[in-house]
Amino acid sequence: MSSETSLASPLHAEFAARLIAWQRQHGRHDLPWQNTRDPYRIWLSEIMLQQTQVATVIPYYARFLDRFPTVGALAAAPLDDVMALWAGLGYYSRARNLHRCAQVVADEHGGAFPASVDALAELPGIGRSTAAAIASFAFGARATILDGNVKRVLARVFGIDGFPGEKRVENAMWVLAESLVPGAHASDADVSAYTQGLMDLGATLCVRGKPDCVRCPFADDCVANTTGRQRELPASRPKKAVPTRRTWMLVLLDGDAVMLEKRPPTGIWGGLWSLPEAPDEVALGVRARAFGANGAVSPLAPLSHTFTHFRLDIEPRVIELNGKGAQPAAVALDAQDAQTAWVALSGIDAFGVPAPVRKLLDGLRGSLL
DNA sequence: AAACCGTGGCC
DNA sequence: TGGCCAAGGTT
C-alpha cells in the first residue's frame with residue numbers, strides 16, 4: 001500500500017465517511033434519475049449530464065424516458081428520431097453514441113448493461129468517469145468518478161495546482177480520487193452516497209464563483225479555504241483566441257414549408273437537419289438555382305452563434321419558391337438516406353435542428369403569421 | 001496531447 | 001456585453 005501511504009494525510013482516512021455523512025444530510029435526493037438502480041435510467045442521465053447542467057437536462061430526460069422507456073426501445077428507434085429528441089442539448093456525438101450504445105447493449109449483452117467499470121467503459125460514449133458513475137449507482141462498485149465537480153473539490157481541498165484539463169494534472173487527480181474511495185466495508189448505499197456526495201459538494205457548495213466554505217465538511221482541512229485561495233483553485237483554462245467563421249444559409253420557402261438539408265454525421269451539428277449552406281453569396285445563389293429557385297433574394301438580419309472553440313457568423317438569405325420551382329429529388333421523409341426535406345415551419349419539432357437555426361425558423365414563422 | 005464538439009446560465 | 005464553464009468522450 002505504498003502508493004496510499006505516499007498520499008496519506010489526516011484527512012485521507014476520514015474523507016469518504018465525512019462525505020457520505022454530509023451527502024445523507026445535505027445532499028440532493030430527489031433528482032429525476034435518483035432513487036433507482038435501473039442502469040438504463042442511470043446511464044441515460046449520465047450521458048445527458050456530460051458537460052451539461054442539471055436544470056437543462058431535466059426536461060430532455062423526461063421526454064426521452066417517455067418516448068424510450070427501455071434500452072430496447074431506444075435501440076429499435078431510427079437515429080433521426082433520437083437526434084430530433086436530442087436537438088438543443090448540444091454535443092450531438094453523445095446522441096449518436098447513445099443510440100449505438102443502446103444497440104450494442106441490446107444485441108451483444110442481451111439487453112442488460114454490464115456491471116463492471118471496464119466493460120461499461122468499452123461501450124460507445126462511456127468513458128472512465130461515466131462508467132464509474134453508472135457502476136457505483138447501479139451496481140455498488142467502489143470506483144471513482146472524476147468530473148468537473150470532483151476536479152474542483154480536489155484542487156481546493158488538497159491544494160492541487162495546474163489546469164485540470166492538462167493531462168499531467170488530470171492523471172494526478174485520478175490517482176488521488178482512487179485513493180479516497182470508500183473501503184471494502186462500504187455498502188451499496190454508502191457507495192451511491194459517496195459518488196453523489198462528490199457531485200453534490202461541487203455543484204451546490206464548492207461552486208466556482210463563491211464557494212460556501214462555512215457549510216463545508218472539509219473547511220478545516222481544505223487548503224484553499226485555510227489559505228484563502230478559493231479563487232485561484234482550480235487553475236482556469238489557458239485563454240485562446242476564438243476564430244470566426246462565416247457562412248451563408250439558404251431559407252428556401254414554398255408556402256409555409258422550408259427546405260432542410262441533413263448534415264454529415266461528423267463535424268459541427270453532425271447528423272442534424274439544417275438550412276443549406278454555402279461559403280459565400282455567389283455560391284449560395286448557385287445552390288438556390290440548383291434547387292429551382294430563381295426568385296428575388298432577400299437578406300435577413302445576420303446572426304452570430306458562439307461555440308466552445310469558434311464563433312459562427314450566419315448570413316441568412318430568403319428565397320420564395322411559391323410552387324414554381326422544381327422540387328428537390330429526395331423528399332421522402334421516411335427514406336433513411338434522404339438528404340433534403342421540405343418541412344412545414346410548424347413541424348420542425350420532428351426534425352433535429354441546431355438551436356440557432358431553430359430560433360431563426362421560429363422567428364420566420366412568427367413573422368409569416 | 002491537444003483539438004474538437006453545443007448550448008445556456010451566470011455575473 | 002462577453003468571458004467562463006457545466007455530471008466528458010473521442011480522435
Side-chain angles (χ1 to χ4, degrees), chain A residues 27-28 31-34 41-61 83 86-98 100-101 120-137 144-153 163-171 173-174 177 192 195-204 206-210 231 234-245 263-272 274 304-312 352-359:
Chain A
R28 297 171 291 185
L31 295 170
W33 41 85
Q34 290 184 295
R41 293 181 176 226
I42 294 166
W43 163 71
L44 179 61
S45 73
E46 291 301 330
I47 301 301
M48 288 186 164
L49 286 161
Q50 287 169 0
Q51 299 295 99
T52 310
Q53 297 187 353
V54 166
T56 304
V57 164
I58 286 175
Y60 285 87
Y61 180 77
M83 300 304 295
W86 194 276
L89 248 194
Y91 284 141
Y92 297 99
S93 66
R94 290 185 295 170
R96 294 190 295 277
N97 285 332
L98 186 85
R100 275 206 302 145
C101 182
L120 285 165
E122 286 182 16
L123 295 169
I126 301 180
R128 183 174 176 181
S129 184
T130 299
I134 298 169
S136 63
F137 286 137
T144 189
I145 60 170
L146 187 63
D147 61 10
N149 290 311
V150 183
K151 287 175 178 175
R152 189 165 52 254
V153 169
F163 172 53
E166 187 186 333
K167 203 67 182 174
R168 199 191 90 260
V169 179
E170 185 176 329
N171 287 342
M173 286 187 167
W174 271 115
S192 287
T195 299
Q196 189 64 49
L198 286 174
M199 297 170 171
D200 290 349
L201 193 68
T204 70
C206 193
V207 294
R208 181 170 63 96
K210 195 177 171 67
R231 205 176 52 83
S236 55
R237 171 185 302 276
K239 299 186 208 306
K240 294 175 302 183
V242 289
T244 297
R245 303 179 196 170
R263 298 180 62 86
T266 59
I268 204 77
W269 295 334
L272 294 191
S274 189
S304 183
H305 186 73
T306 303
F307 296 92
T308 305
H309 53 299
F310 69 95
R311 197 180 93 163
L312 185 64
V353 175
V357 177
R358 167 71 182 271
K359 286 175 193 164

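Letters go in sequence order (proteins before strands), and every chain restarts at 1. Keep in mind that what you see is a predicted model, and the values were worked out from it rather than measured.
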Residues forming a salt bridge (charged side-chain N to carboxylate O under 4.0 Å, His left out) with [X], sequence neighbours excluded:
| X | value |
| --- | --- |
| A/R152 | none |
| A/R237 | none |
| A/R94 | none |

A/R263: which residues meet the side chain to side chain donor-acceptor pair (under 3.5 Å) condition with it, sequence neighbours left out?
A/E277
Run the side chain to side chain donor-acceptor pair (under 3.5 Å) test against A/S136 and tell me which residues pass, sequence neighbours left out.
A/T195
On DNA chain C, does the nearest nucleotide to A/R100 precede the nearest nucleotide to A/D200 from the 5' side, or the other way round? Give the residue.
A/D200
Among residues 48-56 of chain A, which contact DNA chain B at a heavy-atom distance under 4.0 Å?
A/Q51, A/T52
Residues that A/Y91 engages under ring-ring contact (aromatic ring centres under 6.0 Å, His included), provided they are two or more places apart:
none
For A/F310, ring-ring contact (aromatic ring centres under 6.0 Å, His included) partners two or more places apart
A/F307
For [X] and [N], give me the distance from atom [atom1] to atom [atom2], rounded to whole Å.
| X | N | atom1 | atom2 | result |
| --- | --- | --- | --- | --- |
| A/E170 | C/dG8 | CD | C1' | 9 Å |
| A/I145 | C/dA6 | CD1 | P | 13 Å |
| A/I47 | C/dG8 | CD1 | P | 11 Å |
| A/R94 | C/dA6 | CZ | P | 14 Å |
| A/L89 | C/dG8 | CG | C1' | 14 Å |

Can you list everything that forms a side-chain contact (heavy atoms from CB on, under 4.5 Å) with A/P164? Sequence neighbours excluded, please.
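With neighbours one apart ignored, the set is A/K151, A/M173, A/P234.
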Only counting residues at least two apart or in another chain, list the ones meeting side-chain contact (heavy atoms from CB on, under 4.5 Å) with A/T204.
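Partners of A/T204 under the side-chain contact (heavy atoms from CB on, under 4.5 Å) test: A/W22, A/R28.
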Quick one about A/N171 and A/R168 (side-chain donor to acceptor, distance below 3.5 Å, no hydrogens or angles considered), yes or no?
no
Take A/G90 and A/R208, find for each the nucleotide of DNA chain B with the closest heavy atom, and name the residue whose nucleotide sits nearer the 5' end.
A/G90
Nearest-nucleotide 5' precedence on DNA chain B, A/Y60 against A/N171
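Whichever sits nearer the 5' end wins; that is A/N171.
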Give the first and the last nucleotide of DNA chain B, reading 5' to 3', that has any atom under 4.0 Å from a heavy atom of chain A.
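Extent of the interface on DNA chain B: B/dA1 to B/dG8.
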Using a cut-off of strictly less than 4.0 Å between a heavy atom of the residue and any atom of DNA chain C, enumerate the qualifying residues of residues 236-244 of chain A by number.
A/S236, A/R237, A/K239
Using the [atom1] atom in both, what is the distance from [N] to [M], to the nearest Å?
| N | M | atom1 | value |
| --- | --- | --- | --- |
| B/dA1 | C/dG9 | C1' | 15 Å |
| B/dG8 | C/dT1 | C1' | 16 Å |
| B/dC4 | C/dA7 | P | 24 Å |

N/O donor-acceptor pair under 3.5 Å between A/S45 side chain and A/I42 backbone
yes
